[in-house]
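See structure below.
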There are 2 protein chains.
Amino acid sequence: MSRRVLLVEDEAPIRDMLKFVLEQSGFETIEAEDYDIAQQKLVEPYPDLILLDWMLPGGSGVQLAKSLKQHEFTRDIPVIMITARGEEEDKIRGLDAGADDYITKPFSPKELVARIKAVMRRVTPTSNEQPIEFNGLKLEPISHRVMANDDALDMGPTEYKLLHFFMTHPERVYSREQLLDNVWGTNVYVEDRTVDVHIRRLRKAIGVHGHDAMIQTVRGAGYRFSTKL
Amino acid sequence: MSRRVLLVEDEAPIRDMLKFVLEQSGFETIEAEDYDIAQQKLVEPYPDLILLDWMLPGGSGVQLAKSLKQHEFTRDIPVIMITARGEEEDKIRGLDAGADDYITKPFSPKELVARIKAVMRRVTPTSNEQPIEFNGLKLEPISHRVMANDDALDMGPTEYKLLHFFMTHPERVYSREQLLDNVWGTNVYVEDRTVDVHIRRLRKAIGVHGHDAMIQTVRGAGYRFSTKL
DNA sequence: AGGGTGTGTGACAATTTTATTAAACGATTA
DNA sequence: TAATCGTTTAATAAAATTGTCACACACCCT
């Protein structure tokens, strides 16, 4: 079952309350207080749902919603907008901007959880909680582990995210910049070449069982995860 | 690759700094110090991105942004607004006015370049290239790969581009010069005969499965990709 | 057949791109 | 504050690709 929720809310007390409610109901939460931070958190592994306050300072709630729908990997993540009572206008624009549902402040925890579950049920069961396996290399999101033929592999957080991204998007080339966008996050400024180092560490980590052959260099284009060749 | 940036900034020192930073990163720059001059520079060839200071004298930054979005040929040019710290209000209006991103002064060169690249990447949508196949020779743009009956073929970047061009323009002769223009790019100083060498390399790469017969020499005219004969 | 012209080929040095290594840096924790 | 862990950067090594040449070869015409 999908359970990772990204909370985008500028007011810390409300954010804490939401976090509490969601975690009581068995969801994992990721927090962001504004547009930029939300963008940074939108990386592998992507959240399964986004709870977005319409009234972010800078009015960037809309902007975030739009930006989400423009990017290939975030397009299918359902969004629930939080609006203040009576802001009918906002509801309309929010739904226009691509929200899947909205909830009006103040709301009961029960209602919130119910809506979240409803939306998750409605959306494609893209539970990115399922283990992924290629040629005996298995990544288990639940336990946050990578196994190669029943041996647990050891790697850093970035390598894990990188591998997760690759395994969920196999047979496709990604440039260093694209990898930075998807694994490190937008609005983070890192040298292209840094990717090389993490690729190397990832290869080393999964190489003990010969799985490093699936991380392929595509000269002049980037890297690719593939079972072929 | 898109790389022309129009710089609209009234303060000469800052403009020079921006120019320096961008040119260091391989961008071409066009400069404009106010609304009128910017308008003058907005002709063929259009810039690929506009870096616009919000605080132009006469407050014409907004005006320019709006005007850009009204004209057919400039509507799709992405705009990054430069704002001073704390002018949250401006961000809102800037984004409303159609800016694609904003950056707050002071900013690091690295951040600036990263944002420019990010916006350019976002604007150029994923060219959803479909795989192309002729007689069992399949080229997959997504994975950046060439397969011959389930065997991955190995070739250099130039050979790949050459093959891609041929497969998207089959049954047609191209002179060496035309190939140079289309595959290498215009205004590159390369000998005609260099094409021969790459043709040979391409033939060798796809020859392991006998597909080299599709790359045909047309004496006195050039080369052709064809499934016939 | 012989000459002229156009194309194929293998080698090579320069250049570009990627891999690897080590050290600097930053955040977190004991 | 020191120690530790993980990330980033910078420096260096290694590898692949590129454009050209020189020469071999094929074709066409007289």
Side-chain angles (χ1 to χ4, degrees), chain A residues 37 40 43-44 144 146 153-165 173-181 183-185 187-207 212-225 229, chain B residues 1 24-26 108-111 113-114 144-146 152-164 173-181 183-185 187-207 212-225:
Chain A
I37 295 181
Q40 283 175 37
V43 297
E44 285 289 334
H144 204 273
V146 181
L153 299 182
D154 195 47
M155 66 181 72
T158 305
E159 283 70 58
Y160 177 84
K161 286 194 280 185
L162 188 56
L163 181 60
H164 187 281
F165 178 74
V173 210
Y174 289 97
S175 69
R176 292 179 176 72
E177 285 190 347
Q178 288 176 312
L179 290 173
L180 285 175
D181 277 356
V183 177
W184 276 254
N187 291 6
V188 67
Y189 310 111
V190 183
E191 289 290 322
D192 280 13
R193 290 280 148 205
T194 299
V195 174
D196 295 31
V197 179
H198 286 278
I199 288 282
R200 173 174 166 281
R201 293 209 270 254
L202 176 54
R203 278 175 172 157
K204 197 171 174 185
I206 67 177
D212 55 323
M214 288 190 282
I215 305 284
Q216 303 169 353
T217 301
V218 183
R219 251 190 177 245
Y223 297 95
R224 170 181 57 207
F225 182 88
L229 220 176
Chain B
M1 178 57 181
Q24 283 298 308
S25 304
S108 72
K110 192 185 279 184
E111 182 183 357
V113 171
H144 203 277
R145 218 176 197 170
V146 181
L153 300 182
D154 195 48
M155 65 182 72
T158 304
E159 283 70 60
Y160 177 86
K161 283 189 279 185
L162 188 56
L163 180 60
H164 188 295
V173 203
Y174 288 97
S175 70
R176 292 178 175 71
E177 280 193 350
Q178 288 176 310
L179 289 173
L180 284 176
D181 277 355
V183 177
W184 274 254
N187 56 35
V188 273
Y189 153 64
V190 177
E191 287 291 323
D192 277 14
R193 295 301 310 282
T194 297
V195 173
D196 294 33
V197 178
H198 285 279
I199 287 282
R200 175 183 147 265
R201 288 174 182 154
L202 176 54
R203 278 175 172 157
K204 194 172 176 185
I206 68 176
D212 55 322
M214 287 190 282
I215 305 285
Q216 302 168 354
T217 302
V218 183
R219 199 181 163 79
Y223 297 94
R224 171 182 57 205
F225 181 87

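The model shown is predicted, which means the values in this text are computed figures rather than measured ones. Proteins come first, then strands; the chains are lettered A, B, ... in the order of their sequence lines, and each starts at number 1.
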Measuring from atom [atom1] of [X] to atom [atom2] of [Y], what distance do you get when rounded to the nearest 0.5 angstrom?
X: Arg203(B); Y: Met155(B); atom1: CZ; atom2: CE; value: 13.5 Å
X: Leu162(A); Y: Tyr223(A); atom1: CG; atom2: OH; value: 10.0 Å
X: Ile215(B); Y: Arg224(B); atom1: CD1; atom2: CZ; value: 11.0 Å
X: Asp154(A); Y: Ile206(A); atom1: CG; atom2: CD1; value: 13.5 Å
X: Gln216(A); Y: Ile199(A); atom1: CD; atom2: CD1; value: 11.0 Å

Phosphate OP1/OP2 of [N] contacted by [X] side-chain N/O (<4.0 Å):
X: Thr158(B); N: dT17(D); answer: no
X: Trp184(A); N: dT7(D); answer: no
X: His198(A); N: dT8(D); answer: yes
X: Lys110(B); N: dT9(D); answer: yes

Of all the heavy-atom pairs spanning Val173(B) and Ala221(B), show the shortest one and how long it is.
->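 Heavy-atom minimum between the residues: CG1-CB, 3.9 Å.
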Any idea which heavy atoms bring Glu159(B) and Leu202(B) closest together, and the distance?
->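 In terms of heavy atoms, the two residues are closest at CG-N, 3.8 Å.
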Can you say whether the rings of Trp184(A) and His198(A) are parallel (under 30°), tilted (30 to 60°) or perpendicular (over 60°)?
->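 Aromatic pair Trp184(A)/His198(A) classed perpendicular.
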In whole Å, I'd like the distance from the [atom1] atom of [X] to the [atom2] atom of [N].
X: Ile215(B); N: dT7(C); atom1: CD1; atom2: C1'; result: 15 Å
X: Leu162(A); N: dG6(D); atom1: CG; atom2: P; result: 16 Å
X: Glu159(B); N: dT9(C); atom1: CD; atom2: C1'; result: 14 Å
X: Lys161(B); N: dG19(D); atom1: NZ; atom2: C1'; result: 14 Å

Mind checking Tyr189(B) for me? I need base, sugar-phosphate or nothing, with any heavy atom below 4.0 Å counting as a touch.
->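 If one applies the 4.0 Å heavy-atom cut-off, Tyr189(B) turns out to touch the sugar-phosphate alone, with no base involved.
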Angle of first-five versus last-five pair axes in the helix from dA1(C)-dT30(D) to dA30(C)-dT1(D), to 10 degrees =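 It comes to 20° between the two terminal axes.
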Can you check each nucleotide of nucleotides 17-30 of chain C against protein heavy atoms at under 4.0 Å and return B for base, S for sugar-phosphate only, - for none, in 5' to 3' order?
-> BBBSB---------
For the side chain of Pro157(B), starting at C-beta, report the closest nucleotide among dT20(D), dT7(D), dT17(D).
->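 Closest nucleotide to the Pro157(B) side chain: dT17(D).
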Of the options Asp196(B), Asp192(B), Asp181(B), Thr194(B), which is the one that meets Arg176(B) in a side chain to side chain donor-acceptor pair (under 3.5 Å)?
->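 Result: among Asp196(B), Asp192(B), Asp181(B), Thr194(B), Asp196(B) is the only option passing the side chain to side chain donor-acceptor pair (under 3.5 Å) with Arg176(B).
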